[in-house]
2 protein chains.
Amino acid sequence: MREQTTGPHLLRTSTAELVAGVLRDRIAQAVYEPGERLSEEAIGAELEISRNTLREAFRLLGHERLLVHKLNRGVFVRVLSASDVKDLYLVRRVIECAAVRNSAGGDMAACREAVEDGERAAADDRWRDVGTANLRFHQALVALHGSSRLDELMGQLLAELRLVFHVMENPGAFHAPFVARNRLLTGLLEEGRLAEAEQYLSKYLDDAEALLQAAFDSSSSARLGGA
Amino acid sequence: MREQTTGPHLLRTSTAELVAGVLRDRIAQAVYEPGERLSEEAIGAELEISRNTLREAFRLLGHERLLVHKLNRGVFVRVLSASDVKDLYLVRRVIECAAVRNSAGGDMAACREAVEDGERAAADDRWRDVGTANLRFHQALVALHGSSRLDELMGQLLAELRLVFHVMENPGAFHAPFVARNRLLTGLLEEGRLAEAEQYLSKYLDDAEALLQAAFDSSSSARLGGA
DNA sequence: CTTGTCGAATTGTTCAACGATTCTTATGTT
DNA sequence: AACATAAGAATCGTTGAACAATTCGACAAG
């Protein structure tokens with residue numbers, strides 16, 4: 001990251017935000033696993049940036065709840081608890097159901113596109129892509145609100161959720177059953193059957209949460225040495 | 001802020017967060033007005049902290065949307081637009097109405113307390129206190145969800161809203177008419193008339209938004225030199 | 001086995017410096 | 001006088017080094 005000093009800046013954003021982007025990706029890809037400590041010196045040396053700049057990036061991600069900052073001990077990749085999953089899905093129900101309920105006249109193009117991407121990915125057994133398409137579908141659902149703040153909030157929630165998925169042994173398979181439900185939900189919305197759609201989505205989220213909680217519990221009991 | 005180096009740290013939080021707290025207060029109190037640029041050197045010298053630490057605090061507040069960071073130009077106190085007000089109230093409607101709708105069995109103590117504080121403040125013409133009590137009432141409403149994430153989100157929304165209030169010539173008077181509505185809404189909730197309560201709150205928020213938009217428009221037209 | 005102490009490693013914070021960008025102001029041309 | 005341009009000042013972005021403060025692990029003493 002030294003090249004920038006020689007030529008004219010092609011960067012439209014600060015180095016700290018660039019670095020934050022790199023780290024965000026690595027966390028999403030589980031290069032850094034939940035609970036892992038991120039060394040200022042090691043990462044700073046690897047990315048060739050100063051500690052100060054790296055710390056700015058850490059602050060950024062801390063505020064996005066991807067990292068937790070422990071005083072004098074450093075930053076760690078966030079580890080989510082069962083109660084976090086509960087909270088996350090409570091918020092999703094509030095926001096996504098409201099989006100569906102008020103979606104009359106909204107543009108469903110992005111939703112439909114995400115659904116079809118998910119179906120293609122599932123047909124090819126590209127599980128990772130199924131997952132991202134699924135997340136994009138829900139992001140598109142929230143976008144029906146037309147609110148930049150809700151869009152940002154949803155993006156943050158989904159980033160946290162990705163952290164939970166890593167706990168599961170087969171994150172890809174988790175999303176597969178929901179592809180069909182995405183299509184069905186989209187159909188209900190396009191036909192304007194909003195009340196049905198809302199109820200359907202509510203159950204959808206209940207099921208997803210239950211699955212996640214189950215995987216979560218078994219993983220945590222295994223970690224504690226269940227015989 | 002140098003004293004901390006001598007004695008053992010009594011601080012449980014980092015200086016950057018302490019500084020962020022100070023700046024947050026000053027913005028809320030309009031010591032720093034919307035649009036104003038905050039000089040790293042000036043504030044750093046006044047608070048006796050280094051530029052690096054101050055920059056960490058700026059990042060924090062930037063993420064809370066109280067400051068906007070312009071590359072190579074510095075940080076400015078956020079200036080909200082009419083569309084921001086619209087977005088803010090859209091989110092409030094989604095979250096607060098959902099809180100009311102699902103509030104069956106929730107603990108209304110905090111709500112009632114905020115209502116009564118507001119009434120006392122209004123009786124004594126302590127307009128500023130009326131405003132803070134009003135904000136606390138809505139925060140308590142959202143707290144019925146029992147979600148830490150929604151609590152945090154609401155706190156952020158209200159902080160942004162405070163920025164809008166500063167645009168009005170008499171911020172205190174704005175809140176006065178809503179004290180009675182807070183009491184009425186609380187009553188509906190305690191009687192379990194949730195559907196009515198939700199509808200009432202929805203109109204409540206519509207009215208507040210309209211008032212704010214009006215004050216906003218007149219202020220911006222005045223700023224452009226309306227005769 | 002618990003407790004206390006020492007030292008290494010890491011974070012928290014500051015400082016000084018320099019490149020890069022923006023803003024200001026003076027200058028010169030038409 | 002108006003406008004474009006260029007030098008200069010101010011400020012931000014980033015770095016690297018330095019030192020204080022805290023944590024952690026090892027080892028000795030009780």
Side-chain angles (χ1 to χ4, degrees), chain A residues 1-24 27 32-33 35-63 66-79, chain B residues 1-24 27 32-33 35-63 66-79:
Chain A
M1 297 235 171
R2 180 67 63 72
E3 307 80 53
Q4 64 182 49
T5 59
T6 53
H9 269 188
L10 296 164
L11 306 168
R12 305 237 60 58
T13 173
S14 74
T15 325
E17 304 206 39
L18 279 186
V19 172
V22 172
L23 298 180
R24 209 190 330 263
I27 294 170
Y32 302 137
E33 292 177 17
E36 184 176 344
R37 174 172 148 271
L38 269 41
S39 158
E40 292 186 354
E41 190 179 346
I43 299 181
E46 183 210 343
L47 268 46
E48 297 187 65
I49 53 173
S50 76
R51 275 181 62 212
N52 285 318
T53 304
L54 182 55
R55 284 168 63 83
E56 285 204 1
F58 281 165
R59 290 276 176 195
L60 249 19
L61 297 174
H63 228 263
L66 296 182
L67 298 179
V68 274
H69 204 122
K70 301 185 182 178
L71 193 60
N72 285 318
R73 297 199 39 218
V75 295
F76 300 78
V77 179
R78 178 87 180 284
V79 178
Chain B
M1 296 229 175
R2 180 69 63 73
E3 306 80 53
Q4 65 182 47
T5 60
T6 53
H9 269 188
L10 296 165
L11 305 169
R12 306 233 63 56
T13 174
S14 74
T15 22
E17 306 208 38
L18 278 187
V19 172
V22 171
L23 298 181
R24 211 192 324 267
I27 294 170
Y32 303 136
E33 293 176 16
E36 184 175 345
R37 173 171 149 271
L38 302 185
S39 158
E40 290 187 353
E41 189 180 347
I43 298 181
E46 183 210 344
L47 267 46
E48 297 186 66
I49 53 174
S50 76
R51 277 180 59 209
N52 286 320
T53 305
L54 183 55
R55 284 167 62 84
E56 287 202 1
F58 280 166
R59 293 273 176 195
L60 249 19
L61 297 173
H63 231 262
L66 296 182
L67 298 179
V68 275
H69 203 121
K70 302 186 182 180
L71 193 60
N72 286 317
R73 296 199 41 216
V75 294
F76 300 78
V77 179
R78 177 87 181 284
V79 178

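Note that these values count all heavy atoms, side chains included, but never hydrogens, waters or copies made by symmetry. Below, read A as the first sequence line, B as the second, and so on, with proteins coming before strands; counting in each chain starts at 1.
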Does B/Arg51 make a side-chain N or O approach to OP1 or OP2 of C/dC15 shorter than 4.0 Å?
no

Under the side-chain contact (heavy atoms from CB on, under 4.5 Å) test, residues paired with B/Glu41 that sit two or more places apart
B/Ser39

Spacing of A/Leu47 atom CG relative to D/dG16 atom P, expressed in whole Å:
13 Å

According to a strict under-4.0 Å criterion, is A/Thr53 in side-chain N/O contact with OP1 or OP2 of D/dT15?
yes

Which residues satisfy the side chain to side chain donor-acceptor pair (under 3.5 Å) test with B/Arg55, sequence neighbours excluded?
A/Glu56, B/Glu40

By side-chain contact (heavy atoms from CB on, under 4.5 Å) - contacts of B/Arg78 (at least two apart):
A/Arg149, B/Arg65, B/Val68, B/Leu80, B/Asp84, B/Glu160, B/Leu163

Between the protein and nucleotides 8-10 of chain C, which nitrogen or oxygen pairs are less than 3.5 angstrom apart?
residue, atom, partner, partner atom, Å
C/dT10, O3', A/Arg37, NH2, 2.6

Kindly write out the residues that satisfy ring pair (Phe, Tyr, Trp, His ring centres under 6.0 Å) with A/His69, not counting sequence neighbours, or none if the list is empty.
none

Kindly say if B/His69 contacts the phosphate of D/dG13, meaning a side-chain N or O under 4.0 Å from OP1 or OP2.
yes

Nearest whole Å is fine: how far is D/dA20 P from A/Leu71 CG?
18 Å

To the nearest angstrom, the CZ-P distance between A/Arg55 and D/dG16 comes to 16 Å

Round to a whole Å and report the spacing from CD of B/Glu56 to C1' of C/dT13.
9 Å

Between A/Glu36 (side chain only) and A/Glu33 (backbone N and O only), is there a donor and an acceptor less than 3.5 Å apart?
yes

Residues that B/Arg24 engages under side-chain contact (heavy atoms from CB on, under 4.5 Å), provided they are two or more places apart
B/Ala20, B/Leu61, B/Glu64, B/Leu66

Reading DNA chain D from 5' onward, which residue's closest nucleotide shows up sooner: B/Leu38 or B/Asn52?
B/Leu38

Taking atom C1' of D/dG13 as reference, at what distance in whole Å does atom CG of A/Leu18 sit?
13 Å

To the nearest Å, how far apart are B/Glu48 CD and C/dG12 C1'?
18 Å

